[in-house]
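Written out below as structure tokens is the structure these notes cover.
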Amino acid sequence: MSTNKILSVIFCFSCLTACTSANQEKWFVTHTGNMPSEERIAKVENGDSKNEVLSLLGAPSNVPSFDDNTWLYMSSDIKRVAFFKPEEIERNILVINFNKDDKVTKITRLTKEDGKNITPSRAKTEVKGQEQGFFRKYFGGVGQYNPFAGQNRGGL
């Protein structure tokens, strides 16, 4: 066999093995969020203060606006391929609740399976004062069009 044939067979084989589905999965998945490691989460116990949790886990991903005593640490893996709809593969949420003395009272772990699919409503809310009447709609622009605006008439 000639050297060119051997090289072309090796090239084709390497191209085919590079396109396996295991490698493609890694290419299109993005990881977002700041979920702490399992070792750090295991160190958090009931009765720890907010400062202790902050030093162990770092800043939370989210603190709800109306509840300063709930901290959320979130992360997710999302698969995006070309023009297809993004698909969430994995979601992890760590919820830490504090009491009024800023001590940990409850630690909860949630995953994608704990979530619910919500269908957005297509209903529209009517806004008062925005609808135009008949005369304004059809005759409101009369007299406002000036075809010569912006043209220099040369002193005329």
Side-chain angles (χ1 to χ4, degrees), residues 1-99 102-134 136-138 140-141 144-145 150:
M1 230 201 286
S2 70
T3 308
N4 288 339
K5 287 183 181 180
I6 293 173
L7 289 176
S8 63
V9 168
I10 291 173
F11 177 74
C12 290
F13 181 73
S14 63
C15 288
L16 290 174
T17 57
C19 296
T20 61
S21 63
N23 288 335
Q24 287 177 351
E25 289 294 322
K26 294 176 188 176
W27 291 346
F28 301 115
V29 175
T30 57
H31 180 80
T32 60
N34 67 340
M35 182 62 70
S37 66
E38 293 298 326
E39 296 83 26
R40 289 177 158 184
I41 294 172
K43 293 178 183 178
V44 177
E45 298 175 352
N46 286 345
D48 288 351
S49 69
K50 281 186 177 181
N51 288 333
E52 291 172 333
V53 173
L54 190 61
S55 66
L56 282 172
L57 303 181
S61 302
N62 191 3
V63 177
S65 299
F66 299 111
D67 186 8
D68 292 339
N69 291 326
T70 301
W71 286 8
L72 303 170
Y73 293 88
M74 301 181 283
S75 70
S76 64
D77 292 334
I78 299 173
K79 180 179 177 183
R80 291 182 175 91
V81 179
F83 52 83
F84 296 108
K85 181 179 177 182
E87 175 188 356
E88 186 175 36
I89 298 171
E90 185 177 358
R91 178 188 326 139
N92 293 306
I93 301 173
L94 175 67
V95 182
I96 300 180
N97 297 84
F98 298 93
N99 61 13
D102 292 341
K103 301 291 182 184
V104 175
T105 58
K106 186 177 176 185
I107 301 170
T108 308
R109 303 286 307 249
L110 302 171
T111 62
K112 181 180 173 187
E113 288 75 30
D114 296 319
K116 296 178 183 175
N117 288 328
I118 299 173
T119 305
S121 173
R122 298 251 184 229
K124 295 181 181 179
T125 304
E126 184 179 325
V127 179
K128 298 292 182 184
Q130 298 296 320
E131 62 275 342
Q132 294 180 344
F134 174 79
R136 179 172 293 225
K137 186 174 184 179
Y138 293 106
Q144 295 183 10
Y145 177 68

Open item on the list: Other residues, nucleotides and ligands only: do more than 12 of their heavy atoms fall within 6.0 Å of NZ on Lys43?
Closed with: no
- [ ] Assess whether atom CZ of Arg109 is packed by more than 12 heavy atoms of other residues, nucleotides or ligands within 6.0 Å.
- [x] yes
TODO: Evaluate the side-chain contact (heavy atoms from CB on, under 4.5 Å) criterion for residues Leu94 and Leu57: first the C-alpha distance (whole Å), next the side-chain angles of each, then the deciding distance (0.1 Å), finally the verdict.
DONE: CA-CA 11 Å; Leu94 175 67; Leu57 303 181; 4.1 Å; yes
- [ ] Test side-chain contact (heavy atoms from CB on, under 4.5 Å) on Tyr73 and Ile41 and set out the steps.
- [x] CA-CA 10 Å; Tyr73 293 88; Ile41 294 172; over 6 Å; no
Value rounded to 0.5 Å, distance of [atom1] in [X] from [atom2] in [Y]:
| X | Y | atom1 | atom2 | value |
| --- | --- | --- | --- | --- |
| Ile89 | Lys79 | CD1 | NZ | 6.0 Å |
| Asn97 | Leu72 | CG | CG | 8.5 Å |
| Asn92 | Glu38 | CG | CD | 8.0 Å |
| Asn99 | Asn69 | CG | CG | 7.5 Å |
| Asp48 | Ile107 | CG | CD1 | 7.5 Å |

Considering all heavy atoms of both residues, which atom of [X] and which atom of [Y] are nearest to each other, and what is their separation?
| X | Y | result |
| --- | --- | --- |
| Gly115 | Arg91 | CA-NH1, 4.0 Å |
| Lys103 | Gly47 | CD-O, 3.2 Å |
| Pro60 | Leu54 | CD-CD1, 4.5 Å |
| Ser55 | Glu52 | OG-O, 2.8 Å |
| Asp67 | Val63 | O-CG1, 3.9 Å |

Task: Contacts of Glu113 that satisfy salt bridge (Lys or Arg N to Asp or Glu O under 4.0 Å) - sequence neighbours left out - done: none
- [ ] Take Asn34 and Ser61, measure what side chain to side chain donor-acceptor pair (under 3.5 Å) needs, and give me the verdict at the end.
- [x] CA-CA 7 Å; Asn34 67 340; Ser61 302; 2.3 Å; yes
Task: Test item: Asp77 side-chain N/O and Val29 main-chain N/O as donor-acceptor pair under 3.5 Å - done: no
